[in-house]
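Down below is the structure, laid out as structure tokens.
Note that the coordinates shown come from a computational prediction; the quantities given were computed from them, not determined experimentally.
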Amino acid sequence: MTDMLSLDRPARPATRPAALQEMPSLIGLTREEMGKALAEVGVAERQVKMRVSQLWHWLYVRGVSDFDHMTNVSKDMRETLKRHFTIARPEVVEEQISTDGTRKWLLRFPARGAGRPVEIETVYIPEEGRGTLCISSQVGCTLTCSFCHTGTQKLVRNLTAEEILAQLLLARDRLGDFPDRDTPPGTIAPAEGRKVSNVVMMGMGEPLYNFESVKTALLIATDGDGLSLSKRRVTLSTSGIVPEIYRTGEEIGVMLAISLHAVRDDLRDMLVPINKKYPLKDLMDACRAYPGLSNARRITFEYVMLEGVNDSLEDAKELVKLLKGVPAKINLIPFNPWPGTNYQCSQWDQIEKFADFINAAGYASPIRTPRGRDILAACGQLKSESERMRKVDRMAFEAMMIANHGADD
Ligand code: SF4
């Protein structure tokens, strides 16, 4: 049991030196923005397009985080780039690896302007033949979903496109998902066999309250000449910011997930308070209008199972009615309690009855197995626990987790 929680230090130094903190990063810029940034530091106009494609390849196909590894870029050009820009990764404050293989990274990003450095968490969930990276979009959250621990933390700030994308680049570094350094320039990254095959915007924050940065980051992540993630393997999860759902479909085109959790407005007003602004009818209209829906391209509805709150068969019947006409899949999430919450997880047999009812109505309704419980990587548990853990004695905390886990078994 002593390997219950393994804390590793980064194998590759990822810290961005203080001197580089104020330097603009080339990561997270669109091609156009990158071209403009290069022109501003004196790259000749006739060279800009070629330099942008070279950099794009090195940053997003090869995953380099040091200009000196760009072997087909001249030394002079590398020196110019180094003087003006950074491509360093954020600092890995901590890496935790669960007994089930789930990994959680606590990342620190430098201060922006007058602000302070911020920390966020990113979670990787390995599965048979694939792996999903759960990315954060904000530090904290403005919404106050009553079952979510992240919702108890005030919003500190939105993450930039660079910071959103950096979570993916760092995970691929750590998992060995980029080609070796000796691979010749121009090599195309294989689409198959990658450890990070799927991305979900489901970490801390409401991604649609940070629309522009999320859009830029996801369009770069799905760019066919770079990171090349398929749009069908990228899912954006929202609590239901209706106007931006339309924009997500039109402007980003990734898969959509809705944090639903209740099928009546009075209950959803309580669990997901943004429902008061965008009630269920408006939300479902936006879902029905989402472009490209079909049985092969369904919307995922997340439904956390709360004992005696939203888990009756009446709720299941209402859910089936609500989803009528929407190609949908329902993820049932056993609630992960956190200190101070008034909710409890539904009984297992009730979750199964609920799932069976929805399934019989023709909807896939997998019960999500909790992953990374021992490292607090489950839905709605991100960040705040890490902060708490640094304040309490970690050894005592680990002992408590091991004891709890033993009791579950
Ligand atoms: S569920 Fe998502 S939107 Fe709601 S409070 Fe938590 S992080 Fe924010």
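- The closest donor-acceptor contact from the side chain of Thr102 to the backbone of Ser98 lies at 3.5 Å or more, if one exists at all.
- Side-chain contact of Thr238 with Glu206: a donor-acceptor pair under 3.5 Å is present, judged by distance alone.
- Inter-residue side-chain proximity for Gln167 and Leu159 is flagged as met; some heavy-atom pair is nearer than 4.5 Å.
- A pairwise comparison of heavy atoms in Gln54 and Val73 identifies OE1-CG2, 3.8 Å as the closest pair.
- Across every non-hydrogen atom of Leu29 and Trp56, the tightest pair is O-CZ3, 3.5 Å.
- Between the side chain of Ser136 and the main chain of Met204, a donor-acceptor pair closer than 3.5 Å is present.
- A distance-only check finds no donor-acceptor pair linking the side chain of Thr152 to the backbone of Cys148 [under 3.5 Å].
- Atoms NZ and OG, from Lys277 and Ser239 in turn, are 11.0 Å apart once rounded to the nearest 0.5 Å.
- Atoms OG and CD1, on Ser346 and Ile333 in that order, are 11.5 Å from each other to the nearest 0.5 Å.
- Checked by atom type and distance alone, the side chain of Thr341 never pairs as donor or acceptor with a backbone atom of Trp338 at under 3.5 Å.
- Atom NZ in Lys195 sits 14.5 Å away from atom OG1 in Thr132 (nearest 0.5 Å).
- Shown here are the side-chain hydrogen bond (donor to acceptor under 3.5 Å, both in side chains) partners of Glu251, two or more places apart in sequence or in another chain: Lys215, Arg247.
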| message | Could you go through Tyr303 and Phe354, starting from their C-alpha distance and side-chain angles, then the distance that decides it, and tell me whether this counts as ring-ring contact (aromatic ring centres under 6.0 Å, His included)? | response | CA-CA 11 Å; Tyr303 198 95; Phe354 197 99; 5.2 Å; yes
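- No side-chain donor-acceptor contact under 3.5 Å links Arg116 to the backbone of Ala111.
- A salt bridge is absent between Asp66 and Arg78: the closest approach of a Lys/Arg side-chain nitrogen to an acidic carboxylate oxygen does not fall below 4.0 angstrom.
- Neither side chain, Asp315 nor Asn310, offers a donor N or O lying under 3.5 Å from an acceptor on the other.
- One distance of note links CG of Asp356 with CD1 of Ile351; it measures 12.0 Å at 0.5 Å rounding.
- Distance alone, capped at 3.5 Å, is enough to place a donor-acceptor pair between the Ser365 side chain and the Ala355 backbone.
- Between the side chain of Arg268 and the backbone N or O of Leu260, at least one donor-acceptor pair lies under 3.5 Å.
- Every residue two or more places apart in sequence or in another chain that forms a side-chain hydrogen bond (donor to acceptor under 3.5 Å, both in side chains) with Glu79 is listed here: Lys82.
- Classification of Glu163 and Arg112 as a salt-bridged pair holds, one side-chain N sitting under 4.0 Å from a carboxylate O.
- Under a 3.5 Å cut-off, the side chain of Ser65 and the backbone N or O of Ala88 do not form any donor-acceptor pair.
- Salt bridge annotation for Glu94-Lys104: absent, with no cationic side-chain nitrogen under 4.0 angstrom from a carboxylate oxygen.
- Here the CZ-CG distance, from Phe85 to Leu38, works out to 5.5 Å after rounding to the nearest 0.5 Å.
- The nearest pair of heavy atoms linking Gln138 to Gly205 is OE1-CA, 3.4 Å.
- Between His57 and Asp225 there is no side-chain heavy-atom pair separated by less than 4.5 Å.
- Judged by the 6.0 Å distance and 45° axis criteria, Arg103 is not positioned over the aromatic ring of Tyr124.
- In this structure, the separation between CG on Leu165 and CG on Leu170 is 11.5 Å, given to the nearest 0.5 Å.
- Using a 4.5 Å heavy-atom threshold, the side chains of Leu229 and Asn198 count as separate.
- The pair Asp311-Lys353 does not meet the salt-bridge criterion, since no charged nitrogen lies less than 4.0 angstrom from a carboxylate oxygen.
- Although no hydrogens or angles enter the test, the distance criterion places a donor-acceptor pair under 3.5 Å between the side chain of Lys231 and the main chain of Ile252.
- Arg368 places no side-chain N or O within donor-acceptor distance of the main-chain N or O of Glu302, the cut-off being under 3.5 Å.
- Using a 3.5 Å distance cut-off with no hydrogens or angles, the side chains of Glu307 and Gln347 do pair a donor with an acceptor.
- Taking 4.5 Å as the limit, every side-chain heavy atom of Val43 sits out of range of all side-chain heavy atoms of Leu81.
- Between Phe335 and Gln344, the shortest heavy-atom distance links the atoms CD2-C, 3.8 Å.
- Closest non-hydrogen pair, Ser137 versus Val214, comes out as CB-CG2, 4.0 Å.
- Side-chain atoms of Tyr60 and Ser228 include no donor-acceptor pair closer than 3.5 Å.
- For the residue pair Ser74/Asp76, the side-chain donor-acceptor check at 3.5 Å is not satisfied.
- Residue Leu227 is tested with Leu169, Val199, Asp177, Val196 for a side-chain contact (heavy atoms from CB on, under 4.5 Å); the sole match is Leu169.
- Counting heavy atoms from C-beta outward, Met284 and Leu322 have side chains that approach closer than 4.5 Å.
- Among all heavy-atom pairs drawn from Lys276 and Pro279, the shortest one is O-CD, 4.4 Å.
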